[in-house]
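Below: the structure, in structure tokens.
Reminder, nothing fancy here: chain letters follow the sequence lines and each chain counts from 1.
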There are 2 protein chains.
Amino acid sequence: MRKFEDSIPLQLLKAREATMSFFRPILQEISLTEQQWRVIQALNEYTELESKQLAERCCILSPSLTGIINRLEQQGLIQRRKSPDDQRRVLLSLTDEAKQMFEDVSPRLDARYKAMAEQISEEKLELLNELLGELCKLKP
Amino acid sequence: MRKFEDSIPLQLLKAREATMSFFRPILQEISLTEQQWRVIQALNEYTELESKQLAERCCILSPSLTGIINRLEQQGLIQRRKSPDDQRRVLLSLTDEAKQMFEDVSPRLDARYKAMAEQISEEKLELLNELLGELCKLKP
DNA sequence: GGGTAATCCTTAAGATGTTATCTGTTGTAT
DNA sequence: ATACAACAGATAACATCTTAAGGATTACCC
């Protein structure tokens with residue numbers, strides 16, 4: 001039997017840690033957590049999203065997202081408004097300040113991503129992407 | 001530029017979630033968290049480990065491990081004793097009850113692992129294992 | 001139209017992640 | 001032997017994860 005340290009779930013965890021180490025220093029400089037940055041990225045791409053959609057895209061459960069949004073709103077990075085069509089829904093978007101911050105920081109993170117991609121080669125990264133996609137389709 | 005939803009770190013997170021869904025139901029039955037089970041697995045393999053070694057093998061930071069150990073000790077699953085050679089170190093091992101529990105549950109989890117492995121095929125799993133190993137070697 | 005189930009978001013409670021700091025112990029150089 | 005750096009755990013403070021349950025709004029059915 002495979003040693004537990006080589007089990008796929010743990011390997012995935014380690015690999016994630018390894019890749020995140022490329023970006024963590026930059027995020028620390030601007031005092032944003034990994035999750036907060038994911039939220040900002042998503043809102044930068046989609047302009048305005050409902051809380052539920054945002055949670056799904058960022059892979060963050062809604063109870064966590066509630067707190068994250070609260071903190072980002074308090075920092076003046078996110079705006080929330082109720083949907084006029086459906087009072088249950090909350091619509092979220094970036095403030096101008098956040099958009100500016102994204103433009104400033106994004107290139108540096110992209111550069112780190114490239115550095116990482118080049119270290120393992122684009123082919124392997126593509127292959128990895130493929131395999132991870134398949135893992136996500138598995139049904140228990 | 002790649003959409004952030006397809007970035008490698010997020011893909012790794014999603015894939016990990018997908019694989020864990022094979023095991024989560026069983027762990028929930030016995031009221032153990034994923035991390036607690038990892039600790040038990042490690043101690044089952046190595047009999048006795050120092051806190052630091054355990055943390056490294058389980059990919060758990062020591063402050064988290066302190067809490068996990070406390071809870072497992074309280075549940076009568078783990079024993080701790082101070083190293084006679086070095087009073088700073090703490091040696092950890094499973095209780096008989098925990099060993100028994102491991103023997104009982106382990107086969108069921110192994111079966112789920114096999115089910116997962118077969119769904120994507122052994123070859124792809126091996127390839128994935130290879131690629132994840134390379135990711136871990138990257139240096140920022 | 002009124003009762004009811006479903007939906008979205010939030011809150012609650014406990015466990016873990018993350019960084020910084022503290023305490024006690026050991027190693028080392030003077 | 002003493003002072004000081006290095007090390008192993010533990011604690012603290014805050015953020016997030018995870019599951020369950022609550023409050024408000026909407027959809028559906030009779």
Length of the line joining I68(B):CD1 and dT18(C):P, which is rounded to integer Å: 12 Å

Rounded to whole angstrom units, what separation is found between the CD atom of Q36(A) and the C1' atom of dT16(D)? 10 Å

Measure across Q119(B) and K139(A) and return the closest heavy-atom pair with its distance rounded to 0.1 Å. NE2-O, 2.8 Å

Please write out the pairs of protein N or O atoms and N or O atoms of nucleotides 10-14 of chain C separated by less than 3.5 Å, giving the distance to one decimal.
unit_1, atom_1, unit_2, atom_2, d
dT10(C), OP1, R80(A), NH2, 2.7
dT10(C), OP2, T66(A), OG1, 3.1

Check the distance between dT19(D)'s C1' and E29(B)'s CD and give it to me in whole angstrom. 16 Å

Can L27(B) be reached from L12(A) by stepping across I, L, V, M, F, W or Y side chains whose heavy atoms are under 4.5 Å apart? yes

Residue E50(A), side-chain heavy atoms: nucleotide from dG24(C), dC9(C), dC17(D) that is nearest: dC9(C)

In whole angstrom, give the distance that lies between atom CG of L61(B) and atom C1' of dG17(C). 7 Å

Taking CG from L54(A) and P from dC9(C), how many angstroms apart are they, rounded to a whole number? 10 Å

Would you please confirm or rule out a distance under 4.0 Å between OP1 or OP2 of dA8(D) and any side-chain N or O of Q53(B)? no

Using a 4.5 Å cut-off on heavy atoms from C-beta on, say whether the side chain of R57(B) contacts that of E45(B). no

Will you find, in the side chains of D104(A) and Q100(A), an N or O donor that is under 3.5 Å from an N or O acceptor? yes

Would you kindly give the CZ-to-C1' distance between R38(A) and dC17(D), to the nearest whole Å? 11 Å

Nearest-nucleotide pick for T33(A), side chain only, options being dT16(C), dA15(D), dT19(C): dA15(D)

Protein-nucleotide distance (E56(B), atom CD; dG17(C), atom P), rounded to Å: 15 Å

Donor-acceptor pairs are to be reported for all side-chain atoms of residues 61-69 of chain B against protein atoms at under 3.5 Å, with residues two or more places apart or in another chain.
unit_1, atom_1, unit_2, atom_2, d
T66(B), OG1, S62(B), O, 3.1

Q28(A) CD to dC14(D) P, in whole Å, measures 17 Å

Do you see a donor-acceptor pair shorter than 3.5 Å between the side chains of Q79(B) and S93(B)? yes

Any N or O donor-acceptor pair linking the side chain of R89(A) to the base of dC8(C) at under 3.5 Å? no

For R80(A) and L92(A) the tightest heavy-atom approach is CB-CD2, 3.5 Å

Map D86(A) and I60(A) onto DNA chain D by nearest heavy atom, then report which one ends up closer to the 5' terminus. I60(A)

Quick one: which of dT25(C), dT18(C), dA8(D) gets closest to the side chain of Q87(B)? dT25(C)

Contact under 4.0 Å: Q35(A) side-chain N or O vs dC17(D) OP1/OP2: yes

